[in-house]
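Below is one structure, written out as structure tokens; the observations come after it.
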Amino acid sequence: MAERAILEVENLSISLPSGADRPLAVEEISFALARNEILCVVGESGSGKSMCANAIMGLLPRPHVQPVGGTIRFEGEDLLSLPESRLRDLRGSRIGMIFQEPMTALNPLMRIGEQIDEVFDAHGVLSKAERRARVVELLRDVGLPDPEHLGESYPFRLSGGQRQRVMIAMALALEPAILIADEPTTALDVTTQAQILDLIKKLQAEHHMAVMFITHDFGVVAEIADRVAVMQYGKIVEMGPAEQVLNDPQHDYTRRLIAAVPQFEPPERPQIEGPPLLSVKALEKTYVTERGLFTQGRRVPAAQEVSFDIRKGETLGLVGESGSGKSTVGRCIVRLLDTDGGEIRFGEIDLAGLKGKALRPHRRHVQMIFQDPYASLNPRSKVGTIVAEGPIAHGTPRAEALARAHELLHLVGLDPSAAERFPHEFSGGQRQRIGIARALALEPELLVADEPVSALDVSVQAQVLDLLAEIKQRLHLAMLFITHDLRVAAQICDNIAVMKLGRIVEYGPTRRVFDDPQHAYTKALLAAVPGKRWSIPEVALEHARQHARRVAS
Amino acid sequence: MATTTASEKPQRSARAQAFADFCKRFARNKGAVVGLVILLAVVLLALIAPLLYPASPWQMVQRPFLPPMATEGFWFGTDTLGRDIGAGLAYGARISLIVGIVSTVVALTIGVTIGALAGYYGGYLDDALMRFTEFFQTIPNFALAIVLVAIFQPSTTSVIIAIGIVSWPPVARLVRGEFLSLRSREFVQASIVLGQSNGHIITRQILPNTLSPVIVMASLMIAQAILLESSLSFLGLGDPNTMSWGYMIGAARTVIRQAWWMSFFPGVAILLTVLALNLVGEGLNDALNPRLARKGR
């Protein structure tokens, strides 16, 4: 690792347009990237980590955002002072980049092979025949099936993971010295993520590249990084070898971030006894797409023979990858969707059998917390009204419901004066608290939480999870917690049901499922969790405990 | 008591702040400000018409074919029967604005209702309502308006109803589209889970979020309606008891070579009013959809 640096960033500052929350997106950061190393840049949203990458690639949205100081030296040239034509030469050939969203990064109307071929074309290298051979070789390198013929396919035939592989193939086409990866696995499922991380690591070693890997996920850092730079508010607050930063973090912010990462080992939990509050039996749901006048419509089974029980005070985790049907099950239980078969027995009532007006009075028992805190609150309603709406709909006098809304806002850790404000004045975490207050307003017995923390930064995520756990304790609620994140599930769930393609493949106490998975899919899922061999260091946890004590007192 | 005033204060200032922002964005579009000034002038003219011209615009007040600026008090001249064109312009502004605004309200009522129901409930109701809408869209606007007015007998009410009936389909389509996209948003789903009634969700949750584009469209529809009204009265299908710009042009068309001013002034009045409304509409669009406007520039 003692190679000389090929990329040196020195005192780089990038300005933001006036009216932004701070004057500089990136402030006087310096780091070096050597051949043969993977540097992970970690930080929460808005920390300026993507700005760094875009500055290196010359992709800043000038003139609103532009570098105002410092240098980026790459192979002896200062990238910031180079003319656009020279930058264009370097981009793609010497510096490659992969982006977060593989679904939109490829041109949908162009064959895969042609798109890779364009990279050679743009830089005017190789003859036609050589290029064809090279495209096949690249597709094979990134582990795509049937590389000889895949080049003829259009992007829509490929899954998200496969598209990301194509993007990597394009980035590597001209053997760049540096690969910049901006959250390349964030949009992918956990098993796919593990494969892509392996692939990047393997290719990096084969080609002796330098990789700058931007991520918000410490699990991924633990999996892939040689060195780590932690960013906060546009500054690098800590940088060092991965070992050291992960296991012995020095800076307060790093410690706080690391302590917020949920532990992978589920804690011991007492068995919850009692009669089931909610009992789902053989739930069926099939989506039929586009039933036209003359077409049959495609049938997609989203839930098949799904059965589970939830007791009072229990949290059941429904985990699985995208498309496994876990959200569908959640939406059937809160009756946003009609079921095609089976029972959703809540006490004496079968919710699946009720419709329209008959269902409405029973809705108050089961409430939902939504995933996207930005879409789940009506932008034109005041927060107090949003929270009070449920009780008003069920006949509580308006004044009384609004007064209760103030109490609920206090309960979820917001100032009651928030009731008079509009949702856009709040951050994502605060909005999620408002969403929780709204769900609690009807005094439900069961909460269905659909990925309630996956849109949030890790430190905010920890706070919201703590809040959910505390409320569940205090109000003795049952909860169905839908998540793709096994770390989160490990921390919050008493029992876990693993879903795959609409079926529950494994169901049992969290600790048992994690320690001794029975089904092959569960094993694969658990194996794919990034950074599972890394456990949160005591120093970070201690720091978090001290911080909590300070806040409490 | 003290607490209520304290809690109401920030709310009012937030509203005031939002309104100030709206005005600032509107004012950034110079054309829109010009449009607004012209429009206010037309409204003022309509309001003070009886003060400026106490006599009826149908009354013969001078010799016929009096050119403009020729006689004190008759700046716009007189028409073939010796009626004051200035008076015609002032009273014509009234009918134009009334027809424009009321028929737009009629069209919005029909369009928003149909669009909201179709977009919210979807399925067969959506299909049925959209086919119904298409039925109206396939018939040329103007032809249908003529037929309707002819059937109902020309009167201000029938003109308003006819224009309302021919101009609602675009509103229905717009509102339906907005409802379709908002319906699947999580805040609407949250309302369903809370147990709110469909009527409440449609009117309180979704409708307020569709208002911006509807307001923009409404301002352009008023302009359209004024044009339609003028065209109808040009053909003699206006209310026979109301002086209107279209009627003035229609009556003067046979003498356009001898007396240009008789059709020129009402024509300019229509042009300016419609242009002003279009400019205001564009300004509203900029002010209400700031993100879209910035992208366009």
With a strict 4.5 Å heavy-atom criterion, list every residue of [range] that contacts chain B, or say none.
| range | value |
| --- | --- |
| residues 436-454 of chain A | A/Arg438, A/Leu442 |
| residues 353-367 of chain A | A/Arg360, A/Arg363, A/Val366, A/Gln367 |
| residues 390-398 of chain A | A/Gly390, A/Ala393, A/His394 |

(Q) Can you tell me if A/Gln430 has over 12 outside heavy atoms packed within less than 6.0 Å of its CD? (A) yes
Q. Taking atom CZ of B/Arg204 as the centre, does the number of heavy atoms from other residues, nucleotides or ligands within less than 6.0 Å exceed 12?
A. no
Q | Toward chain A: residues of residues 180-189 of chain B with heavy atoms under 4.5 Å | A | B/Arg185, B/Glu186, B/Phe187, B/Gln189
Q.
If I measure from the heavy atoms of chain B, does A/Leu336 come under 4.5 Å with its side chain, its backbone, both, or neither?
A. side chain
Kindly compute the distance separating [atom1] ([X]) from [atom2] ([Y]), expressed to the nearest 0.5 Å.
| X | Y | atom1 | atom2 | value |
| --- | --- | --- | --- | --- |
| A/Asn378 | B/Ile201 | CG | CD1 | 11.0 Å |
| A/Arg331 | B/Ile192 | CZ | CD1 | 10.0 Å |
| A/Glu389 | B/His200 | CD | NE2 | 5.0 Å |

Q | Which atom of B/Ser212 lies closest to which atom of A/Arg380, heavy atoms considered | A | OG-NH2, 3.4 Å
Q: Could you check which of A/Ala419, A/Gly435, A/Pro379, A/Ser417 has the highest count of heavy-atom pairs closer than 4.5 Å to chain B?
A: A/Pro379
